[in-house]
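Start at 1 with the first residue, then count along the sequence.
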Amino acid sequence: MIASGRETMAMASSISLVFLLAFTCSLAHATLLHNVATRPPMGWNSWNKFACDINEKVIKETADALISTGFSKLGYEYVNIDDCWAEYKRDKDGRLVANATTFPSGIKALADYVHSKGLKLGIYSDAGFFTCSKRQPGSLGHEQMDAETFADWGVDYLKYDNCFTDGSKPELRGVDHPSTWGIKVGNSWRTTPDINNTWSSILNRADLNSKWAEYAGPGGWNDPDMLEVGNDNATREEYKAHFSLWALMKAPLLIGCDVRSMSPVTMKILSNAEVIAVNQDPLGIQGKKVYKYDGLEVWAGPLSDNRIVVILFNRRELSAEITVKWEDIGLNPSEEVQIRNLWKHKNLTNPGRGSLTSSVKSHAAKMFIFTRIQK
């Protein structure tokens with residue numbers, strides 16, 4: 001499911017896959033054999049906040065924080081270690097080895113700790129000779145051995161990146177866009193370059209991800225990269241819009257901030273159960289952009305029980321009114337709907353018919369669920 005290579009690397013392709021590992025001991029086949037990833041994965045990943053500055057203490061405390069904050073009960077279950085966890089060289093038998101300084105207890109012990117909390121552990125590797133940081137070996141030529149190693153350690157989730165490859169065919173090394181073939185080998189695939197903690201990056205990743213909507217669904221999800229909510233370089237409204245769009249697009253919801261020290265605002269955004277429910281909706285159809293005009297946009301997608309999720313999104317520098325017309329979201333103009341605001345947690349007073357117009361703040365989004373009224 002996640003990520004691409006680091007943007008600091010000059011790569012021919014910035015693609016990576018995620019495997020939710022009910023292991024078959026083969027990186028090429030650890031996919032849907034055990035009914036995994038029927039809904040977008042939720043959890044935490046170390047890269048956005050910590051990059052290579054990780055250790056087992058951070059991972060354990062993050063697992064503890066997911067429990068103490070109540071986030072685990074909302075569905076955030078994966079604790080994912082990104083790049084830089086291993087020694088630079090394999091052992092004498094050719095196996096990956098955890099860094100003795102930062103992960104002295106080893107990955108098996110860490111997986112046991114995370115599992116004891118009722119959570120799942122994720123890890124990172126690469127389809128090349130090295131990972132993107134070039135601080136640990138990739139899995140190229142060691143695919144079977146590494147899959148067996150991860151299985152032995154009790155790893156539940158693998159992020160498989162694409163730096164320093166040997167130029168092998170696209171399906172194995174991610175040269176063509178992975179949305180078109182990723183479901184054959186993984187449970188999620190990056191559709192974008194790495195995200196960074198800027199508003200422009202969030203917008204760009206949302207736009208790039210939207211156009212691949214038809215390829216996502218239960219078992220395999222488009223991934224515009226981890227969440228930046230809580231990393232303190234955007235406004236509250238911008239982070240709410242970020243979280244809303246990722247939820248509508250059925251993107252993996254992988255927290256990228258330090259969950260041990262979240263602000264009340266960050267906690268409130270990431271714990272909005274109604275927005276999370278859109279992301280985890282069992283129908284599993286990705287929403288997308290359906291209308292745009294001069295920085296004003298409508299995003300929408302179908303939900304179970306014949307409902308529709310709608311986002312009114314304002315990219316402009318000033319507040320503006322945005323109108324969604326019923327025909328733009330697959331409704332008959334004469335249909336009446338009950339409209340619920342997911343950030344205010346309340347229904348609009350009057351049923352809607354034909355269109356809805358609402359004022360939206362600059363760099364903000366309003367998120368609704370439309371429920372058809374049965375006559």
Side-chain angles (χ1 to χ4, degrees), residues 1-3 16-23 30 34 36-51 54 56 58-83 85 107 110-125 150 153-161 186-190 194-195 218-231 239 242-243 246-247 249-262 266-267 269-273 275-281 284:
M1 116 177 125
I2 291 177
S16 49
L17 296 169
V18 162
F19 306 87
L20 304 191
L21 296 178
F23 261 111
H34 298 265
V36 296
T38 57
R39 302 183 187 188
M42 295 176 60
W44 174 88
N45 179 280
S46 61
W47 185 261
N48 284 6
K49 179 65 177 181
F50 295 96
I54 54 170
E56 64 182 45
V58 169
I59 303 305
K60 287 182 176 180
E61 290 179 352
T62 295
D64 294 342
L66 289 177
I67 301 298
S68 64
T69 57
F71 274 34
S72 62
K73 293 181 179 179
L74 291 168
Y76 295 103
E77 62 176 345
Y78 288 100
V79 182
N80 295 340
I81 311 167
D82 210 283
D83 203 352
W85 60 267
I107 302 302
L110 191 56
D112 290 344
Y113 183 88
V114 171
H115 292 159
S116 75
K117 303 292 180 179
L119 302 172
K120 298 176 181 179
L121 185 73
I123 209 163
Y124 171 97
S125 189
F150 298 147
W153 288 344
V155 170
D156 303 290
Y157 176 119
L158 172 65
K159 173 180 175 177
Y160 202 49
D161 222 324
N187 302 111
S188 142
W189 40 84
R190 275 280 297 284
D194 285 1
I195 198 169
W221 308 99
N222 290 322
D223 178 16
D225 209 1
M226 287 89 71
L227 293 163
E228 290 286 3
V229 178
N231 283 330
Y239 279 144
H242 176 21
F243 192 61
W246 263 235
M249 292 190 293
K250 304 299 186 291
L253 296 183
L254 295 173
I255 299 169
C257 68
D258 189 344
V259 297
R260 302 170 301 172
S261 56
M262 292 182 290
T266 296
M267 290 188 67
I269 292 172
L270 293 173
S271 64
N272 187 323
V275 175
I276 291 171
V278 168
N279 179 260
Q280 298 289 294
D281 184 75

Requested in this report: Return yes if some donor-acceptor pair links the side-chain N/O of Asn187 with the main-chain N/O of Gly219 below 3.5 Å, else return no.
Outcome: yes

Query raised in the report: Going by atom types alone, do Asn80 and Trp44 pair a side-chain donor with an acceptor below 3.5 Å?
Result: no

**Report entry** Met226 and Ile255, any side-chain heavy atoms less than 4.5 Å apart
**Finding:** no

Report task. Write down the atom of Asp225, the atom of Asp194, and the distance for their closest heavy-atom approach. Result -> OD2-CA, 3.4 Å

Requested in this report: Give the minimum heavy-atom separation between Glu56 and Leu110, together with the two atoms involved.
Outcome: O-CD1, 4.1 Å

Query raised in the report: With no hydrogens and no angle check, is any side-chain donor or acceptor of Asn231 less than 3.5 Å from a backbone partner on Lys49?
Result: no

Requested in this report: I would like to know whether Leu158 and Ser125 meet side chain to side chain contact (heavy atoms under 4.5 Å, CB included); could you show each step before the answer?
Outcome: CA-CA 7 Å; Leu158 172 65; Ser125 189; 4.1 Å; yes

**Report entry** Heavy-atom side-chain contact between Tyr76 and Leu270 under 4.5 Å
**Finding:** yes

Query raised in the report: About how many Å separate CH2 of Trp189 and CG of Asp223, when rounded to the nearest 0.5 Å?
Result: 10.0 Å

Query raised in the report: Tyr124 ring centre to Lys159 NZ or CZ under 6.0 Å, with the angle to the axis within 45°?
Result: no

Query raised in the report: CG of Leu227 to CE of Met42: how many Å apart, nearest 0.5 Å?
Result: 9.5 Å

Query raised in the report: Under 3.5 Å, is there a donor-acceptor pair between the side chain of His242 and the main chain of Glu228?
Result: yes

Report task. Calculate, to the nearest 0.5 Å, the distance between atoms CD1 and CG belonging to Ile276 and Leu74 respectively. Result -> 4.5 Å

Requested in this report: First locate atom OG of Ser72, then atom CG of Asp64, and finally report the distance between them rounded to the nearest 0.5 Å.
Outcome: 11.0 Å

**Report entry** Atom of Phe71, atom of Ser271 and distance for their closest heavy-atom approach
**Finding:** CE1-CB, 3.9 Å

**Report entry** Residue pair Lys73 / Ile67, side-chain heavy-atom distance below 4.5 Å
**Finding:** no

Report summary line: Nearest heavy-atom approach of Ile195 to Asn48 is CG2-ND2, 3.9 Å

Query raised in the report: Between Thr69 and Met262, is any pair of side-chain heavy atoms under 4.5 Å apart?
Result: yes

Requested in this report: Could you point out which residue of Ile81, Leu121, Leu66, Thr62 forms a side-chain contact (heavy atoms from CB on, under 4.5 Å) with Val114?
Outcome: Leu121

Report summary line: Between the CD1 atom in Ile107 and the CG atom in Asp112, the distance rounded to the nearest 0.5 Å is 11.0 Å

Report summary line: Heavy atoms of Gly230 and Tyr239 approach each other most closely as N-CE1, 3.7 Å

Requested in this report: Check the pair Ser46 / Val58 against side chain to side chain contact (heavy atoms under 4.5 Å, CB included), numbers first and verdict last.
Outcome: CA-CA 9 Å; Ser46 61; Val58 169; over 6 Å; no

Query raised in the report: Any donor-acceptor pair under 3.5 Å linking the side chain of Tyr78 with the backbone of Asp156?
Result: no

Query raised in the report: Can you find a heavy atom in the side chain of Trp47 that is under 4.5 Å from one in the side chain of Ile54?
Result: no

Query - Steps toward side chain to side chain contact (heavy atoms under 4.5 Å, CB included) verdict (Asn222, Met249) - result: CA-CA 8 Å; Asn222 290 322; Met249 292 190 293; over 6 Å; no

Report task. Step by step, work out the side chain to side chain contact (heavy atoms under 4.5 Å, CB included) result for Lys250 and Val278. Result -> CA-CA 8 Å; Lys250 304 299 186 291; Val278 168; 4.3 Å; yes

Query raised in the report: Between CD1 of Ile59 and CZ of Phe50, what distance do you get to the nearest 0.5 Å?
Result: 8.0 Å

Query raised in the report: Does Trp85 have its ring centroid less than 6.0 Å away from the ring centroid of Trp153?
Result: yes

Query raised in the report: Any idea which heavy atoms bring Pro40 and Gln280 closest together, and the distance?
Result: O-NE2, 2.8 Å

